There are 2 protein chains.
Amino acid sequence: MTQLDEPTAPTKLGRKRDHTRDPEILDAALDVLAETGYDGMTIDMVAARAKAGKATVYRRWSSKAELVVDAVACMKRTDLDVDHLPDTGTLRGDLVAMIKPRSIEDAEKKLQIMAGLVSMISRDPGLAEAVNAAIVEPRVSVNRTFLRRAIERGEIAADCDVETLALLSPSMASYRVLIEQKPVDREFLLALIDGVILPAVGLKAP
Amino acid sequence: MTQLDEPTAPTKLGRKRDHTRDPEILDAALDVLAETGYDGMTIDMVAARAKAGKATVYRRWSSKAELVVDAVACMKRTDLDVDHLPDTGTLRGDLVAMIKPRSIEDAEKKLQIMAGLVSMISRDPGLAEAVNAAIVEPRVSVNRTFLRRAIERGEIAADCDVETLALLSPSMASYRVLIEQKPVDREFLLALIDGVILPAVGLKAP
DNA sequence: TATATGCGGTACTGTAGAGTTTCGGATCTA
DNA sequence: TAGATCCGAAACTCTACAGTACCGCATATA
């Protein structure tokens, strides 16, 4: 993954080798990716959106594939703050607390990006890994945490299939965006929680 | 959708306008689609696999997009015989009876095809419709039937969310193939049935 | 101010693939 | 057999885009 730290040391003379435009270019790449998919995306589109020259892009990444992998890997985790998860005392409370307009919006864009990468995922292991680490795993991990907490406090049975249940919401959300082309809105998420997840662990909606 | 009926009437003289090669070309298109995705697929590949000339393809379909839509729309429904669904008397029995090597194999290929079309689905409403009718809806419909039957015989509660529950298995299977790149095998399907679907409708595995 | 360097912009090269055209051979009808 | 038509193959055009080369400006160092 690219480091977006401070500029590196000066060269012999002259300006620092700052690569100041990297974040703009990566953001532009994600935008274009979400709108047109991997094959539809051109380096010219990315450069234009970042108000950068095409050469600047190639100075930093040696190919389109590398740029895309890096863009996905550097994707901001703004939607999930894994260190400050809600802890409401009930499984339903925790799950519902994750539904926020900001979070929904962010997740939807990531799913659009994922849609544009699906056919590439099976051909580029590095990309598959980046997508998994940046989009998939964080969400699954959050659900796992909520389920384990619920087991610990005795709210749900200890022998339920945590791994499969943690995949449930990401799976259905992906399917809804990628295949059904419908929005993952509050209504859908509540129906999922109250109609599937809670019943599946032996709880029921209030 | 293209009709694959008998040859049409003879022209003034000479050979019938039979379009005999249509099925081979459509099958070849589906094979290439499953292997390389929409953007990776070239008309030359399809023609070569069907042992046909490129011109023959274009005599019949005016563009790559049209060919793909038609191939998906004409896709054989070999895996699901909607008129002869199992009826074992229990929901679990019905769901398990759908797990057959033949059916799994067939479903997996369709999911591969879907993977190659995902990024195109959002740009071509005709393709979205074809994919839905040929791959998605049949499966959802089967699950709906099983759930309704179970409600009618009093096996499960009448107020459960049939629509969402019917999407569960197709969603998780798609996710598994498209994103996780894992096989949808018997083991996975049994874990899904016994670990999620049955608990979600208030039943438990034997 | 002088110099080195990164940058935006643009023009360029090379290639891949969509779609077209042509042609010789095969096959059907009469 | 003769006439009409379809087919496979291959050559062709044209466009789009990946990747490269270059230039003049801006900016930071000294």
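Here is how names work: the chains are called A, B, and so on, in the same order as the sequence lines, proteins then strands, and each is numbered from 1. Since this is a predicted model, take the numbers as computed values, not measurements.
Distance Tyr58(B) OH to dA11(D) P: 18 Å, rounded to the nearest Å. Taking atom CG of Leu67(B) as the reference point, atom C1' of dG17(C) lies 15 Å away to the nearest angstrom. Whole-Å rounding puts the Arg59(B) CZ to dT5(D) P distance at 14 Å. When rounded to the nearest whole Å, the span between OH of Tyr38(A) and P of dC17(D) equals 14 Å. Following rounding to the nearest Å, Asp22(B) (CG) and dC6(D) (C1') show an atom-to-atom distance of 12 Å. Taking atom CZ of Arg21(A) as the reference point, atom C1' of dA26(D) lies 13 Å away to the nearest angstrom. Distance, Ile25(B) CD1 to dC7(D) C1': 10 Å, rounded to whole Å.
When heavy atoms are screened at a 4.0 angstrom cut-off, Ser62(A) is found touching no nucleic acid atom at all.
One finds no side-chain N or O of Thr56(B) lying less than 4.0 angstrom from the OP1 or OP2 phosphate oxygen of dC7(D).
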Using distance only, find each side-chain donor-acceptor pair of residues 131-142 of chain A under 3.5 Å and give its atom names and separation, not counting sequence neighbours.
| unit_1 | atom_1 | unit_2 | atom_2 | d |
| --- | --- | --- | --- | --- |
| Glu137(A) | OE2 | Arg144(A) | NH2 | 2.5 |
| Arg139(A) | NH2 | Asp79(A) | OD2 | 2.0 |

Could you list the donor-acceptor pairs under 3.5 angstrom formed between side-chain atoms of residues 112-123 of chain B and any protein atom two or more places apart in sequence or on another chain?
| unit_1 | atom_1 | unit_2 | atom_2 | d |
| --- | --- | --- | --- | --- |
| Ser122(B) | OG | Ser119(B) | O | 3.3 |
| Arg123(B) | NH1 | Thr36(A) | O | 3.3 |
| Arg123(B) | NH2 | Thr36(A) | O | 3.1 |
| Arg123(B) | NH2 | Ser119(B) | O | 2.9 |

Name the atoms and distances for all side-chain donor-acceptor pairs under 3.5 Å in residues 172-183 of chain B, with sequence neighbours left out.
| unit_1 | atom_1 | unit_2 | atom_2 | d |
| --- | --- | --- | --- | --- |
| Ser174(B) | OG | Pro170(B) | O | 2.7 |
| Arg176(B) | NE | Pro183(B) | O | 2.7 |
| Arg176(B) | NH2 | Pro183(B) | O | 3.3 |

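Along DNA chain D, the nucleotide nearest to Gly53(B) and the one nearest to Ser63(A) differ in position, and the one closer to the 5' end is contacted by Gly53(B).
One donor-acceptor pair, N or O on each side, does fall under 3.5 Å between the base of dG19(D) and the side chain of Lys54(A).
Heavy-atom minimum distance, Asp39(A) versus Lys64(A): O-NZ, 3.9 Å.
Two residues are said to be in side-chain contact when any heavy atoms from C-beta on lie closer than 4.5 Å; Trp61(A) and Ile43(A) fail this criterion.
Applying a 4.0 Å cut-off to non-hydrogen atoms, the residues of residues 40-51 of chain B that approach DNA chain C are Met41(B), Thr42(B), Ile43(B), listed by residue number.
Residues satisfying the salt bridge (charged side-chain N to carboxylate O under 4.0 Å, His left out) test with Lys54(A), not counting sequence neighbours, are Asp44(A). Applying the side chain to side chain donor-acceptor pair (under 3.5 Å) criterion to Glu24(B), with sequence neighbours excluded, gives no partner residue.
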